[in-house]
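Only one structure is covered here, and it is reproduced in the block below.
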Amino acid sequence: MSHRLIWVEPRDPTSRPSNGERLVFLSYQEVLTMEENIKYEDSFLYRIRHSTAHIMAQAVLERFPTAKIAIGPAIDDGFYYDFDLPRPLTPEDLEAVEARMRTIIKEDHPFVRHAISASEGRALFADQPFKLELIEGLESGGLDEDGNPLTEKVELSTYTHATFTDLCRGPHVDHTNQINPKAIKLMSIAGAYWRGDEHRPMLQRIYGTAWNNEAELDEYLSKIEEAKRRDHRRLGKELDLYSVVDDVGAGLILWHPKGGLIRKITENYWEDRHLASGYDFVYSPHIGKATLWETSGHLGFYRENMYSPIEIEGQEYFLKPMNCPFHLHIYKSRTRSYRELPLRFAEKGTVYRYERSGVLHGLMRVRGFTQDDAHHFCRPDQMPGEIDFVLNFCLDMLRAFGFNEFKAYLSTMPEKAVGDPEKWKDAEEALEKSLKRSGISYAVDQGGGAFYGPKIDLKVNDAIGREWQLSTIQFDFNMPERFDLTYIGEDGQEHRPYMVHRALLGSMERFFGVLIEHYAGAFPVWLSPVQAMVIPIADRHIAYAQQVAEALTAQGIRVSVDERGERMNAKIRDAQNQKIPYMLVVGDKEVEAGQVALRLRAGDNPGAMPLAEFIQIAKDDIANHA
RNA sequence: GCCGACGUGGCUCAACGGCAGAGCAGCCGCCUUGUAAGCGGCAGGUUAUGGGUUCGAUUCCCAUCGUCGGCUCCA
């Protein structure tokens with residue numbers, strides 16, 4: 001069951017409002033709905049999409065008269081409808097359905113609403129088991145179409161157009177001719193569980209999209225194409241950053257030299273910032289004994305995500321899915337005084353988690369990854385300050401990598417939870433106050449916290465609008481108990497410290513994936529594996545090109561010389577495609593004047609300048625993370 | 001894991017029961033070039049893996065592995 005999200009108004013005027021989850025594809029709608037100052041759900045476009053879903057259902061039912069229909073809502077970038085069909089759908093089915101939809105639209109049918117009673121509904125949908133279940137839920141269980149509890153009693157209604165009647169609360173367009181037949185398109189076929197429950201039947205879902213006019217549809221489609229070009233899996237190959245190979249295993253990443261260099265630069269920066277901010281670096285092994293994971297509770301609560309044990313001299317060891325138990329033991333290695341708190345243990349710890357094969361996704365969702373993990377231990381009175389510190393530290397770091405648009409989620413106490421409710425309340429308050437002080441917009445996910453504590457998650461969107469969690473700041477009321485963590489207070493008594501888990505970039509893998517897509521592969525200069533490519537026009541310029549390269553290398557600039565027997569144009573094209581920030585063309589004029597002719601990857605051509613001038617430009621850009 | 005689609009040189013793709021091909025990348029040579037692809041040549045594949053059907057399988061069938069789009073999951 002999904003939790004209800006409550007959006008808190010943004011304090012930061014640069015952050016954008018959201019109607020849902022997909023920022024990228026929402027943007028156009030947002031403009032529309034913001035202009036009209038209405039919510040997406042109340043917009044005409046929403047009606048168009050919802051109505052198009054009904055029209056699609058009609059066309060599918062005509063093709064498959066025995067089809068059972070489930071639900072068909074409008075979503076952020078279109079609509080879908082779920083069906084139970086006698087056979088798998090083919091692309092030809094989709095074409096035929098789409099063609100039929102256009103005809104139905106042109107026939108200009110009115111959409112007519114009828115209020116009905118539950119018994120009328122049961123008679124009307126006697127051969128539609130999913131609708132009967134919906135009626136049941138709406139009537140007695142107080143559940144909406146997603147199976148979530150309803151806050152108020154609803155009146156059942158149907159909408160009818162042409163030959164198709166659906167149980168639906170609406171609203172719809174008045175007439176099908178309000179839909180532009182050239183502005184609709186069926187996009188894909190997918191499997192989807194009835195009511196999102198993997199123990200219930202798998203239905204066939206058709207995704208489609210609909211817009212006000214053809215131009216909007218074209219714009220949407222070209223955005224999808226653009227997104228494909230930004231996809232980190234494509235760019236990972238094109239820029240030779242990383243690979244995943246069959247022979248190694250699914251979800252296991254090989255970092256190539258260029259990707260490795262970007263990772264190394266990222267890690268160096270990360271380390272500098274952590275050292276400057278009061279973190280201690282710790283290291284821990286990749287495996288630990290079964291007893292450790294029993295104490296931590298992972299064998300009880302997390303075992304399905306852990307790999308099979310390794311037997312060593314009769315003892316079972318497990319590959320670590322998390323770093324925390326090790327850090328807890330470092331804390332416990334001696335008696336701690338209140339004077340030494342807060343303690344901040346940081347480690348780029350490589351963990352392995354079993355992820356079901358269907359969920360693996362490039363760098364974003366993998367089976368082995370390195371978390372930039374840290375555990376904070378503090379006194380209760382230090383807790384609000386510690387939260388402030390860590391939230392700001394996270395935001396600051398993400399901004400240093402060029403991320404300015406993220407979404408924050410505050411997840412609060414679930415029904416099943418360990419720990420004193422008073423402590424939960426304190427912690428939730430501290431988290432929320434920090435969020436408010438930070439000025440970013442956030443959503444409250446009521447009851448969405450882990451059983452062991454409330455948390456803040458920071459997420460960003462990938463190229464195709466999917467949201468990925470990077471930072472997480474999580475209270476833990478469980479582990480300090482399980483490991484019996486204590487410190488000696490001013491009063492000479494033992495006290496239980498507060499503990500906070502935090503991952504900042506999340507994992508090196510996912511962060512890299514998000515970074516690639518964020519910059520579409522054109523990394524800022526400080527992160528670019530090759531910062532400058534020297535391009536000699538003819539072979540006689542190679543010696544000078546090498547001198548230029550040596551001078552740049554001496555200044556710490558990462559530079560290569562393209563000595564191939566290609567024409568200058570080809571070298572520029574290749575450097576451009578590799579998204580190298582600076583191209584330095586050197587020919588007779590430059591050799592003679594001791595200059596370089598600068599070209600930027602955006603296509604700008606500042607032209608010839610003394611080498612020293614270029615070095616200053618590059619150094620400034622690097623320092624500014626430009 | 002589930003539903004569906006798909007796996008052919010490093011990459012992008014063709015051939016779809018009858019000799020496995022192209023472009024790019026790579027290598028060699030020629031050209032010596034002024035802001036996004038100069039020309040020519042060479043080399044490179046047990047068609048993901050394992051079975052089966054067939055005179056013959058890249059092509060048809062089954063299984064496994066993987067990829068993609070969803071769903072579910074995501075301490």
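Below, read A as the first sequence line, B as the second, and so on, with proteins coming before strands; counting in each chain starts at 1. For clarity, every value in this text was computed on a predicted model and none was experimentally measured.
Applying ring pair (Phe, Tyr, Trp, His ring centres under 6.0 Å) to A:Phe483 and the options A:His329, A:His327, A:His375 leaves one that passes, A:His329. The salt bridge (Lys or Arg N to Asp or Glu O under 4.0 Å) test with A:Glu225 singles out one residue from A:Arg229, A:Lys223, A:Lys228, and that residue is A:Lys228.
Between A:His199 and the phosphate of B:rG1, there is no side-chain N or O to OP1/OP2 separation shorter than 4.0 Å. Contact annotation: A:Tyr409 side-chain N/O to B:rC74 OP1/OP2 distance is not under 4.0 Å. Distances shorter than 4.0 Å separate none of the side-chain N or O atoms of A:Arg510 from OP1 or OP2 on B:rC74. When the side-chain nitrogen and oxygen atoms of A:Arg233 are compared with OP1 and OP2 of B:rC68, one or more of them lie within a distance under 4.0 Å.
Across all strands shown, B:rC74 forms no Watson-Crick or G-U wobble pair with both distances under 3.5 Å. B:rG69: Watson-Crick or G-U partner is B:rC3, with both key distances under 3.5 Å. A 3.5 Å limit on both hydrogen-bonding distances identifies B:rC13 as the Watson-Crick or G-U partner of B:rG21. B:rG38 and B:rC30 make up a base pair, with Watson-Crick or G-U wobble contacts both under 3.5 Å. The partner of B:rU54, taking Watson-Crick or G-U wobble pairs whose two distances both stay under 3.5 Å, does not exist in any strand shown. Base-pair partner of B:rU64: B:rA48 (Watson-Crick or G-U wobble, both distances under 3.5 Å). Base pairing annotation: B:rU59 forms no Watson-Crick or G-U wobble pair, as no partner gives both donor-acceptor distances under 3.5 Å.
Side-chain atoms of A:Gln469 and A:Arg510 include no donor-acceptor pair closer than 3.5 Å.
Under the 3.5 Å distance criterion, the side-chain polar atoms of A:Glu509 are left unmatched by any main-chain donor or acceptor of A:Ile253.
For A:Asp246, the listed nucleotide lying nearest its side chain is B:rG66; candidates were B:rG66, B:rG69, B:rG1. Checking B:rU35, B:rG1, B:rG69 against every side-chain atom of A:Val585, the shortest atom distance belongs to B:rU35. Comparing B:rU72, B:rU35, B:rG4 by their nearest atom to the side chain of A:Arg599 picks out B:rU35. In this structure, of B:rC11, B:rG1, B:rU32, it is B:rU32 that holds the atom nearest to the side chain of A:Arg540. The side chain of A:Arg365 lies closest to B:rC73, out of B:rG26, B:rU35, B:rC73. With distances taken from any side-chain atom of A:Met202 to the nucleotides B:rG70, B:rA36, B:rC73, the minimum falls on B:rG70. When each of B:rU72, B:rG69, B:rA36 is scored by its nearest atom to the side-chain atoms of A:Gln576, the top-ranked nucleotide is B:rA36.
For A:Tyr193 and B:rG1, a side-chain-to-base donor-acceptor distance below 3.5 Å is present, hydrogens and geometry of angles not being considered. With hydrogens and angles left out, the side chain of A:Glu590 and the base of B:rG34 share a donor-acceptor pair within 3.5 Å.
Here B:rG1 presents its P atom at 19 Å from CZ of A:Arg353, a figure rounded to the nearest Å. If you take CG of A:Leu360 and C1' of B:rG70, they are 15 Å apart, rounded to a whole angstrom. Spacing between atom CZ of A:Arg564 and atom C1' of B:rG29 amounts to 17 Å, rounded to whole angstrom units. As rounded to whole Å, 13 Å separates atom C1' of B:rG69 from atom CG of A:Leu94. Per the geometry, CD1 belonging to A:Ile535 stands 8 Å off C1' belonging to B:rU35, to the nearest Å. Going from atom CZ of A:Arg234 over to atom P of B:rG10 covers 20 Å, rounded to whole Å. At whole-Å resolution of the value, CG in A:Asn305 and P in B:rU72 are 17 Å apart. In this structure, CZ of A:Arg367 is placed 7 Å from P of B:rG1, rounded to the nearest angstrom.
Comparing B:rC13 with B:rG50, their C1' atoms sit 27 Å apart, to the nearest whole Å. Going from the P atom of B:rA63 to that of B:rG1 covers 14 Å, rounded to whole Å. Comparing B:rC24 with B:rA37, their C1' atoms sit 10 Å apart, to the nearest whole Å. Taking atom C1' in both B:rA14 and B:rU59, the straight-line distance is 13 Å, to the nearest Å. Using atom C1' as the reference point in both B:rG17 and B:rA57, the two lie 7 Å apart (nearest Å). Between B:rA15 and B:rA22, the two P atoms lie 15 Å apart (nearest whole Å). Distance check on atom C1': B:rC61 versus B:rU53 gives 7 Å, rounded to whole Å. Remark: the separation of the C1' atoms in B:rA43 and B:rC28 is 10 Å, to the nearest Å.
Ring centers of A:Trp468 and A:His361: under 6.0 Å apart, within the cut-off.
At a threshold of 4.0 angstrom between heavy atoms, the contacts of A:Asp588 include nucleobase atoms, whether or not backbone atoms are also involved. Using a 4.0 Å heavy-atom distance criterion, A:Gly196 is classed as a sugar-phosphate-only contact. Base contact: A:Ala597 has a heavy atom under 4.0 Å from a base atom. Within 4.0 Å of A:Ala192, counting heavy atoms only, lie sugar-phosphate atoms of the nucleic acid but no base atom.
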Under the ring pair (Phe, Tyr, Trp, His ring centres under 6.0 Å) criterion, do A:Phe477 and A:Tyr452 qualify, and how do the steps go? CA-CA 5 Å; A:Phe477 298 126; A:Tyr452 53 77; 9.1 Å; no

How far apart are the C-alpha atoms of A:Phe512 and A:Trp255, what are their side-chain angles, what is the distance that settles it, and do they pass the ring pair (Phe, Tyr, Trp, His ring centres under 6.0 Å) test? CA-CA 10 Å; A:Phe512 189 35; A:Trp255 293 71; 5.1 Å; yes

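The cationic atom of A:Lys459 (NZ for Lys, CZ for Arg) does not lie both less than 6.0 Å from the six-membered ring centre of A:Phe406 and within 45° of the ring axis. Taking the ring centre of A:Phe79 as origin, the terminal cationic atom of A:Arg49 falls outside the region bounded by 6.0 Å and 45° from the ring axis.
Positionally, the nearest nucleotide of RNA chain B for A:Asp197 lies more toward the 5' end than for the other of A:Gln469 and A:Asp197. Of the two residues near RNA chain B, A:Arg205 and A:Lys589, the one whose nearest nucleotide lies more 5' is A:Lys589.
Using cut-offs of 30° and 60° on the angle between ring planes, the pair A:Phe83 and A:Tyr81 is parallel.
RNA chain B is contacted by A:Gly565, A:Glu566, A:Arg567, A:Met568, A:Asn569, A:Ala570, A:Ile572, A:Arg573 of residues 565-574 of chain A, taking any non-hydrogen atom closer than 4.0 Å.
Legend: side-chain hydrogen bond (donor to acceptor under 3.5 Å, both in side chains) pairs involving residues 600-610 of chain A, not counting sequence neighbours: none detected.
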